[in-house]
Amino acid sequence: MKVLFAASALLATCSALPTKRATEAASTPNITDVDILQYALTLEHLEDKFYREGLANFTLEDFKKAGYNEVFYKNLKEVSYDETTHVSFLTQALTAANATPVAECTYAFGVTDVKSFLATASILEGVGVSAYLGAAASIMEKLYLTAAGSILTVEARHSSYLRKANKQSPFPQPFDAPLTLDQVYTLAAPFIVSCPASNGMLPVKAFPALSVSTAADCIATNKTITLQTKEPVAAAYNEKFYAAWIAVTGPTFVEAKFENGNKFSTMVPVGFHGQSYVVITKKEGSVTDDDVVAGPAIVEVQGANGESA
Ligand SMILES: *[C@@H]1O[C@H](CO)[C@@H](O)[C@H](O)[C@H]1NC(C)=O
Ligand SMILES: *[C@@H]1O[C@H](CO)[C@@H](O)[C@H](O)[C@H]1NC(C)=O
Ligand SMILES: *[C@@H]1O[C@H](CO)[C@@H](O)[C@H](O)[C@H]1NC(C)=O
C-alpha cells in the first residue's frame, strides 16, 4: 500500500495550471451480473480479512494508547461484522445464481500500527463506495441493484466514521466519484499477494500504479502536486499528458507536466475534496484504456466543498 498513498515530505512550489472539463467517461465493459457479484465479493473478502487481521493485531489497549476509546473499538468490531456479513451475503447470492463464489486471497496490507490501520481502513471504505457506485450502472437485475445499494450506503457510513476518526471531513463533497472495475482493481491489486487458482479470472485489468508524493497537508485546491509511477514512463520529447480527476459528471482534465523519469506535476482543480482519484492520460478528454498511462492515484484533498462554494 506504500505505493498508493505514501506521503513523502517532497513538496513542489504551488503554481497554477489551466484546467478543462470534459465528459468522455471510461468505457464500460460488457460484463454479467455474476461478474459484478464476483468482483464485489473479491473486494468484500479483502475488507473482511483486513478488519479481522487488524482487530487481531491490535487490542483495545492499543487503540486506547493511540487515543481511541472503547466505544470506537466496539464500532470497529461492528464494521468488521458488517464486512463478514457482506461476504456471506454475496457468497450466497452467487451460489443461488449457480456460480462458484470466489474465495479469500492472501493479502499484504502493510499496516504497522493503529494509525496506519485506520488510515488504510478509511481508504478501503472510500474505494468500496466508489466501486459499488461505478458498478451500479452495469447491473442488469434490479434485485441485485437494490442489494448492492444497501451495501454501498453502509460502506459510506463506515467511510464517514473512519474519516472523522482520522480527523478528516466526514463528507467533504456533495457527490461521490464512481470508479470503473479496472480502476478499482488497479487500487486493490497491490494488496493482493495471491488468490486460489479455483477463483478464475475476473474480467478486469490493473493499470500501472500511480501515487502522490506531495505531503498530505499541502494537497489543496489550486496547489501543484507531484504524481509518480513506479516504472519510468516512456515519453516522446514535448509529449503532453493530462491528469483526469474522476467525478460523477465526468473527469476534469488538468495538464500534467512530465517532469522526468516517473514524475508528473499537476494542479488540484476546483471542486475536488476528500478522497479523490486521478489518472494520467495521454489524451485530453479521454480516459479509455488506450490513453490511460497510469492510475488512479488516491489523492486526499484538504478541506470541503462547502467551505469554498
Ligand atoms: C454486450 O452487451 C450487449 C448489450 O447489453 C449485448 O447485446 C451483447 O450480447 C453483449 N455482448 C457480450 C459479448 O456479452
Ligand atoms: C497485521 O500485522 C502484520 C504483522 O505486523 C502486518 O503485516 C499486517 O499488515 C497487519 N494487518 C493489519 C490489517 O493490521
Ligand atoms: C482557485 O482558482 C480559481 C481560478 O483561478 C479561483 O476562482 C478560486 O477562487 C481558487 N480557489 C482556491 C480555494 O484557491
Side-chain angles (χ1 to χ4, degrees), residues 1-6 11-21 42-66 68 72-73 75-84 86-87 104-128 158-159 162 165-166 169 172-174 187-194 214 216-225 243 245 247 252-255 265-274 276 278 299-309:
M1 200 58 207
K2 328 99 219 180
V3 194
L4 293 182
F5 55 94
L11 169 65
T13 46
C14 309
S15 59
L17 293 168
T19 72
K20 188 165 180 242
R21 287 194 62 83
T42 301
L43 299 177
E44 294 293 349
H45 271 308
L46 190 151
E47 288 188 301
D48 174 38
K49 178 66 179 175
F50 173 80
Y51 285 105
R52 283 189 287 113
E53 194 178 285
L55 289 169
N57 279 352
F58 309 112
T59 62
L60 170 60
E61 280 316 304
D62 294 326
F63 279 96
K64 282 186 175 170
K65 274 187 215 136
Y68 299 93
F72 180 77
Y73 179 73
N75 284 336
L76 278 188
K77 287 192 154 175
E78 180 64 27
V79 172
S80 181
Y81 167 83
D82 292 349
E83 306 303 357
T84 303
H86 292 164
V87 166
E104 189 176 292
C105 300
T106 54
Y107 311 94
F109 295 113
V111 166
T112 51
D113 54 15
V114 166
K115 195 167 180 258
S116 61
F117 171 66
L118 294 176
T120 304
S122 177
I123 285 168
L124 288 179
E125 296 290 354
V127 171
H158 293 166
S159 167
L162 286 157
N166 291 330
S169 168
Q173 53 190 3
L187 297 171
F191 289 117
I192 300 173
V193 177
S194 66
T214 303
D217 58 355
C218 292
I219 303 176
T221 305
N222 295 346
K223 300 277 195 221
T224 295
I225 62 167
W245 293 72
T252 293
F253 292 85
V254 186
E255 194 183 330
S265 67
T266 189
M267 200 196 66
V268 179
V270 171
F272 289 82
H273 291 95
S276 308
V278 52
V299 181
E300 174 65 31
V301 182
Q302 299 279 306
N305 269 16
E307 288 171 3
S308 54

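All ligand and atom numbering here is 1-based and tracks the order in the structure. All values derive from a computational prediction rather than experimental measurement. This chain uses plain numbering: 1 for the first residue, then up along the sequence.
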Quiz prompt | Heteroatom proximity flag, N222 to ligand 3, N/O under 3.5 Å | solution = yes

Quiz prompt | salt bridge (Lys or Arg N to Asp or Glu O under 4.0 Å): pairs with one or both residues in residues 104-115, sequence neighbours excluded | solution = R52-E104

Quiz item: What residues form a side-chain hydrogen bond (donor to acceptor under 3.5 Å, both in side chains) with Q173, not counting sequence neighbours?
Solution: none

Practice problem: Tell me, please, which residues at least two apart from E83 pass side-chain hydrogen bond (donor to acceptor under 3.5 Å, both in side chains). | Solution: H86, H158

Quiz prompt | Mutual orientation of the aromatic rings belonging to F117 and F58 [parallel < 30°, tilted 30-60°, perpendicular > 60°] | solution = tilted

Quiz item: Between F191 and F109, how do the two ring planes meet: parallel, tilted or perpendicular, split at 30° and 60°?
Solution: tilted

Are there any protein N or O atoms under 3.5 Å from the N or O atoms of ligand 2? List them with distances, or say none.
from, atom 1, to, atom 2, distance (Å)
ligand 2, 2 (O), N57, OD1, 3.1
ligand 2, 2 (O), N57, ND2, 2.4
ligand 2, 9 (O), G110, N, 3.4
ligand 2, 9 (O), V111, N, 3.0
ligand 2, 11 (N), E53, OE2, 2.7
ligand 2, 11 (N), N57, ND2, 2.9
ligand 2, 14 (O), N57, ND2, 2.8

Quiz item: Between S194 and T106, does any side-chain donor sit less than 3.5 Å from a side-chain acceptor?
Solution: yes

